[in-house]
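See below for the structure under consideration.
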There are 4 protein chains.
Amino acid sequence: MIRLDSRDARPIYEQVMDSLRRLVVSGAIQPGEKLPSVRAMATTLAINPNTIQRAYESLAAEGYLHPVAGKGCFAADRGDIQGRRRETLLNRFDQTAAELIFLGLSPDELSHRLHAVSQP
Amino acid sequence: MIRLDSRDARPIYEQVMDSLRRLVVSGAIQPGEKLPSVRAMATTLAINPNTIQRAYESLAAEGYLHPVAGKGCFAADRGDIQGRRRETLLNRFDQTAAELIFLGLSPDELSHRLHAVSQP
Amino acid sequence: MIRLDSRDARPIYEQVMDSLRRLVVSGAIQPGEKLPSVRAMATTLAINPNTIQRAYESLAAEGYLHPVAGKGCFAADRGDIQGRRRETLLNRFDQTAAELIFLGLSPDELSHRLHAVSQP
Amino acid sequence: MIRLDSRDARPIYEQVMDSLRRLVVSGAIQPGEKLPSVRAMATTLAINPNTIQRAYESLAAEGYLHPVAGKGCFAADRGDIQGRRRETLLNRFDQTAAELIFLGLSPDELSHRLHAVSQP
DNA sequence: GTGGTCTAGACCACG
DNA sequence: GTGGTCTAGACCACG
């Protein structure tokens, strides 16, 4: 489920964060579901545990998961995800859309894409 | 017009690239228009010329501007912008939209935003 | 016939050289034919005469044209073109072909291209 | 393996790029193989690390290698090489061939060279 | 240890 | 004057 790409210039912990967010967004990981332990995931991905630890901490800061001492990390409910993350995404959405429209795509085409994305 | 944010984790040359792209996309910089010279902009922003040089080079690789040795850098036409940039933006658009929809925004709300963005 | 491209990173005198070589190679300029004077061509292309002068001198060094004092520059016969230019081209040919073959093109495909090039 | 020629008019980073491309094309460097670190190669060639860095970056942009921060640079697979590089080479191939044919070489001679190049 | 970024300063080709 | 190249040296993130 989590694929690391050595050709990807981004640091590994960011790739891990991105993969986990996508699994949550797609429903592959359900709210309240327990995530693999830091050590387990580090072993599976053949990665330094510190790297997974950092990804988990950052996702917890965003509200995507919440750690329970001695029990592990659990996927959060949508409502828990920080407003700051939403702002970041809305800014990115506007800027990306503006540039795509500048490059010749019509708002209707992009609208179409939106509905395709929302009904997978 | 170009604002650098020291709290922004991204490197300076990327912030410069982003600002310049936005100025082109918004029409504040017109196709064919001459940009400030590497040294002029470096002085204005109180940044090392090499850093501006790098931003200009990367924007040239994307097709956003074309340098003419001895003359200066000029904003390109939309048609000159590399297809790879478009793909990057479409991927970002889909992922950002998917996460926003997961966070509770409806496709219709995002559609509204699209049209707001396209008619400034 | 000679088109300068401001988007081309190469210096103008090289672009001029390249255009003139191509005109000779294609037969658009015949052996012995008189070329426009430095001043005439500079005016036509809206370029500094020094730039044309440099292109003419370099082409003369390669054997592509020979200047006649007080008369102008004339296109040379094939036999006059320097052996050094031929060596340069053969090296470039081998290297370019090797890389194309590495990238997956077959020698036969390239052979086909050769014959297409030779019968325009 | 990498030879720099001070008489060569091309900048050092391009000479380095050319040498590395040739090593990859010839198979002396295999896909996935690790290249010397930026600093190691800089020391070997008695060149500033920034110059090597630039060569590596440009080769990465072409798809010839991919850097992994903290790990090193690795030779890519053929499939990763950008299509733009292929177009550049095809243009160069056609022009070089056209000029060689103009200079008296027959397409058959060049065809022979192709097969010699492909079976080293 | 490795690549990524940045500064400071220099010289050159082009036109 | 302008962009292009190069050197020297520094600090940082990542793992």
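Quick note on labels: first sequence line is chain A, next is B, and so on, each numbered from 1. Values below: every heavy atom of this structure, side chains too, minus hydrogens, waters and symmetry copies. What you see is a predicted model, and the numbers here were worked out from it, not measured in a lab.
Within a 6.0 Å sphere centred on CZ of R85(C), other residues, nucleotides and ligands contribute more than 12 heavy atoms.
Within 4.0 Å of N50(D), counting heavy atoms only, lies at least one base atom of the nucleic acid. Counting non-hydrogen atoms under 4.0 angstrom, I12(A) reaches the backbone sugars and phosphates but no base. Nucleic acid contact for E57(D): none, since no nucleic acid atom lies under 4.0 Å from a heavy atom of the residue. The residue Y13(B) sits close only to the backbone: its heavy atoms come under 4.0 Å of sugar-phosphate atoms, none of a base. R39(B) comes within 4.0 angstrom of a base, heavy atoms only.
A donor-acceptor contact closer than 3.5 angstrom links the side chains of E57(C) and Q53(C).
Note on residues 65-83 of chain D: pairs passing salt bridge (Lys or Arg N to Asp or Glu O under 4.0 Å), not counting sequence neighbours, are R7(A)-D77(D), R7(A)-D80(D).
The pair R10(A)-D18(A) counts as a salt bridge, with a side-chain nitrogen and a carboxylate oxygen less than 4.0 angstrom apart. For E99(C) and R22(D), the salt-bridge test fails: no basic side-chain N is under 4.0 Å from an acidic carboxylate O.
The nearest heavy atom of DNA chain E to V38(D) and to G70(B) marks one nucleotide each, and the one closer to the 5' end goes with V38(D). In terms of position along DNA chain E, the nucleotide closest to R54(B) lies nearer the 5' end than the nucleotide closest to the other residue of the pair K71(B) and R54(B).
On the nucleic acid side, DNA chain E has its first and last nucleotide under 4.0 Å of a heavy atom of chain B at dT5(E) to dC11(E), going 5' to 3'.
In this structure a side-chain-to-backbone donor-acceptor pair under 3.5 Å is missing from T51(C) to I47(C). Between the side chain of Q15(A) and the backbone N or O of I12(A), no donor-acceptor pair lies under 3.5 Å.
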Which string of ( ) [ ] | and . matches DNA chain E, if you list each base 5' to 3' and count Watson-Crick or G-U pairs only when both distances are under 3.5 Å? ||||||||||||||.

